[in-house]
Protein chains: 2
Amino acid sequence: MTQQRQIILEELRQVNSHPSADEVYEMVRKRLPRISLGTVYRNLEILSELGEIQKLELGGDLKRFDRNPIKHYHIRCMRCGRVDDAPIAPLNQIENELYGATVYTIIGHRLEFEGLCPQCSKTPGKS
Amino acid sequence: MTQQRQIILEELRQVNSHPSADEVYEMVRKRLPRISLGTVYRNLEILSELGEIQKLELGGDLKRFDRNPIKHYHIRCMRCGRVDDAPIAPLNQIENELYGATVYTIIGHRLEFEGLCPQCSKTPGKS
DNA sequence: GTGTTATCAGTAATAATTACTAAAATTAAT
DNA sequence: ATTAATTTTAGTAATTATTACTGATAACAC
Ligand SMILES: [Mn+2]
Ligand SMILES: [Mn+2]
Ligand SMILES: [Zn+2]
Ligand SMILES: [Zn+2]
């Protein structure tokens, strides 16, 4: 566990949001001004493989990171990209419904809600 | 409806797969060798806004297109990226469970299964 | 047909992520 | 503690999907 890896983990654990790699980079940079973006990417990857954090591949065009490594669902704002936890119980049986109905070996599932966050709900819908 | 748009639609309707923009480009190129990739992107976007097709934003790092514009779920191979329809009934009530429990205005949801396709299930798991 | 508008091909620009490399830091072995 | 082996880093370059731009062309309206 290098200094960089430790601080990346600490910073991610301090936020409730679901930051992108670049956002983590900006956070960490305040404590380690010389860290490079590649190091952030690499360590976020390693930390998620270690089960310390979770890498999220949601809709939108960037990956996000979650301080909570336990599987759970999310809701994402379609306008600004903000992501929050979706407080809903995991659908533990859902994969069984698919069993026998697909040629795939089922490994997991992902449920993601789409909507508008409070800020974006207010703004007159210019889309 | 230009010739290009028509042919893009026809080609997409001929496949059961869920091709990326680049794959559609390669398909269409056989009939329109001078078409440009930008035209394919633009028309796929327009066709999905018209409700003729569907744009899929699944996991993985590229968008895919579906000849079926009706909302349904998918399963994606974690190794090779192949995507198939997940034959499971839509969870019509699921968004109600979230109502009142989130600050978001809920607009929709997406359910995606992950697994291994038959080909990738066979291959000795080098990962 | 003539004029108006939308679309096209080709190319350049973005943006997220990954790959590469020599130097520095960490770890393991003496 | 010193040395040797291994891993990680900073910095930079490369990749990849997608979007933006632009002058030329095609579709459409009258
Ligand atoms: Mn979360
Ligand atoms: Mn489909
Ligand atoms: Zn928002
Ligand atoms: Zn596969």
H74(A) and H18(A) aromatic ring geometry - parallel, tilted or perpendicular at 30°/60° bounds: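 Perpendicular.
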Check this one for me: any side-chain N or O of [X] less than 4.0 Å away from OP1 or OP2 of [N]?
X: Y41(A); N: dT17(C); result: yes
X: S36(B); N: dG10(C); result: no
X: T2(A); N: dT8(D); result: no

5' priority, DNA chain D, between E45(B) and Q3(B) [closest heavy atom]: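 Taking each residue's closest nucleotide, the earlier one in sequence belongs to E45(B).
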Of G38(A) and I46(A), the one whose closest DNA chain D nucleotide lies more 5':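 The residue whose closest nucleotide sits nearer the 5' end is I46(A).
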Salt bridge flag under 4.0 Å for residues D84(B) and R82(B):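 Looking at R82(B) together with D84(B), the answer is yes, because their closest N to O distance falls below 4.0 Å.
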Salt bridge present between K30(A) and E11(A) (N-O < 4.0 angstrom):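 Salt bridge between K30(A) and E11(A), a charged N being under 4.0 Å from a carboxylate O: no.
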Close side-chain approach of E52(A) to L9(A), heavy-atom, < 4.5 Å: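 A side-chain contact under 4.5 Å exists here.
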For DNA chain C, the residues among residues 4-17 of chain B that have a non-hydrogen atom under 4.0 Å from it: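 Listed by number, they are Q4(B), R5(B).
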Nucleic acid contacts - residues 53-63 of chain B versus DNA chain D, non-hydrogen atoms under 4.0 Å: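 Within this stretch, D61(B), L62(B), K63(B) sit under 4.0 Å of the strand.
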Selection: residues 19-28 of chain B, any non-hydrogen atom under 4.0 Å of DNA chain D: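 Close to the strand, none.
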The single option from I7(B), I8(B), V28(B) passing side chain to side chain contact (heavy atoms under 4.5 Å, CB included) against N43(B):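 Exactly one pass, corresponding to I8(B).
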Check: E10(B)/Q14(B) side-chain N/O donor and acceptor closer than 3.5 Å: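 Absent: no donor and acceptor within the cut-off.
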